[in-house]
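All values reported here derive from a predicted model rather than from experimental measurement. Counting convention: from 1, in listed order, for ligands and their atoms alike.
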Amino acid sequence: MDKALLEATAAALVAPGKGILAADESNGTMTKRLEGVGLESSAEARRAYRANLFLTAGCESAVSGVILYDETIRQNMDDGTSIPDYLNSRGIFPGIKVDTGTQEMADFPGEVVTKGIDAEPENGWDDLRTRCKEYFEMGARFSKWRAVIKIDTVSEPSKPSSACLTNNANALANYALICQEQGLVPIIEPEVLMDGAHDANKCAEVTSEILRLTFEECRKLGVHNPGALLKPNMIISGKDSNEQSSREHVAHSTVECLTESVPHDVGGVVFLSGGQSDEEATDHLNRMNSMDVEHPWQLSYSYGRALQAAALKAWAAEGAEASQAAFAHRAKMNSLARSGDWDISLE
Ligand code: 13P
């Protein structure tokens, strides 16, 4: 394992003022997003929308890396340059989503474990180690794997089960180790979903548990923490809860939960937006970065929807330039939130 390379990549991905653009929606998810704004989805439609985003002037000052999907890393910009080569030429690291989705757990209806370590010939996927080698050669320097944890306090038995947490923690650690062997900085993403009516305390309890289990598995396998990034959810009540925390409370409880549950030598923290509004995701990050509380990591973003929702709407309604302008604005707002310098008046 090239620890120096991994640490340098991880540090560059969370450099001050910068964060990650998650543009790695699977073809199914991207189809939903395009159809949601009235556009048809095809390989070319997905390429054209994303290539336009990447062309945004000056975005490299707010974007250190872009997570791509397997289809996109093999596509070209309009001028024929490969997308990973183009991003690298702008000083932006190409990254790659390497999980292959989720599967239902046999004895735990409604719970899923993320897959992608073993080959899936029926779906055209090689095993993870083989794919990582190829992605590295294509220019990728980091990767992402998302575990999906659902809270359900109403059904019996309640969710998540400890089997779900253990299986996902183990898969995340296995993934991280294989990527590190191949020179890719793993983004470890155990997402506790906002779906449901649970309160913020329940979110904190489950988040803390999956984080502890994940890093315990990482320790057992020998994952190099400084060469890995964590992509967590924030501590937020379920969407359907009638007890929504204040933004200040979200910021404080998120930093508190992470500080207690995550090893302090991890290379950095890059939050997911997970269905928060654009402005909420920015405000929460801004508050965490302006708090009077010490935390051991750079706190940054790896937003998908919160960086792209406005750009995608503008792409459908007004075209290329408006889409870039919307993306540039959100990127700038989140870049300011890295240092606590965002303010609502800038929106
Ligand atoms: P959201 O910011 O839309 O949650 O997406 C981030 C991501 O990459 C989820 O895996």
Can a salt bridge be assigned to the pair [X] and [Y] using a cut-off of 4.0 Å between side-chain N and carboxylate O?
| X | Y | value |
| --- | --- | --- |
| R46 | E40 | no |
| E35 | K32 | no |
| R330 | E347 | yes |
| D78 | R47 | yes |
| D99 | K115 | no |

Exercise for the section: For E260, enumerate each residue passing the side chain to side chain contact (heavy atoms under 4.5 Å, CB included) test, keeping only those at least two apart in sequence or located in another chain. Expected result: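 Once residues adjacent in sequence are excluded, the partners of E260 under the side chain to side chain contact (heavy atoms under 4.5 Å, CB included) criterion are R212, E256.
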Problem - Non-hydrogen atoms of V66 and A23 that approach each other most closely - result: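 Shortest heavy-atom contact: CG1-CB, 4.0 Å.
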Exercise for the section: Check each heavy atom of A306 against ligand 1 and say whether those closer than 4.0 Å belong to the side chain, the backbone, both or neither. Expected result: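 It is neither; nothing of A306 touches ligand 1.
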Problem - ligand 1 contact on S273 by region, counting heavy-atom pairs under 4.0 Å - result: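 The part of S273 near ligand 1 is both the backbone and the side chain.
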Which residue holds the protein heavy atom closest to [atom], what is that atom called, and what is the gap in Å?
| atom | value |
| --- | --- |
| atom 9 (C) of ligand 1 | E189 OE2, 3.2 Å |
| atom 6 (C) of ligand 1 | K231 NZ, 3.3 Å |
| atom 10 (O) of ligand 1 | K144 NZ, 2.5 Å |
| atom 5 (O) of ligand 1 | G304 N, 3.6 Å |

Practice task
Go through the steps to decide whether K159 and E111 satisfy the test salt bridge (Lys or Arg N to Asp or Glu O under 4.0 Å), and finish with yes or no.
Solution key: CA-CA 8 Å; K159 299 183 187 69; E111 296 197 285; over 6 Å; no
Practice task
Would you check the N or O atoms of R305, main chain and side chain alike, for any that come under 3.5 Å of an N or O of ligand 1?
Solution key: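 Between R305 and ligand 1 (N or O atoms, distance only) the closest approach is under 3.5 Å.
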Practice task
May I ask you to check if ligand 1 and G275 share an N or O to N or O distance below 3.5 Å?
Solution key: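 Min N/O separation from ligand 1 is not below 3.5 Å for G275.
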By number and element, which atoms of ligand 1 are closer than 4.0 Å to a non-hydrogen atom of [X]?
| X | result |
| --- | --- |
| Y303 | 2 (O) |
| S302 | 6 (C) |
| G274 | 1 (P), 2 (O), 4 (O) |
| R146 | 9 (C), 10 (O) |

Exercise for the section: For K97 and ligand 1, answer yes if some heavy atom of the residue is under 4.0 Å from a ligand atom, otherwise no. Expected result: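 It does not, in that no heavy atom of K97 comes within the 4.0 Å cut-off of ligand 1.
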Exercise answer: donor-acceptor pairs, residues 134-141 side-chain atoms, under 3.5 Å, sequence neighbours excluded:
residue : atom : partner : partner atom : Å
E134    : OE1  : R74     : NH2          : 3.3
E134    : OE2  : R74     : NH1          : 3.0
Y135    : OH   : D70     : OD1          : 2.7
R141    : NH1  : F136    : O            : 3.1

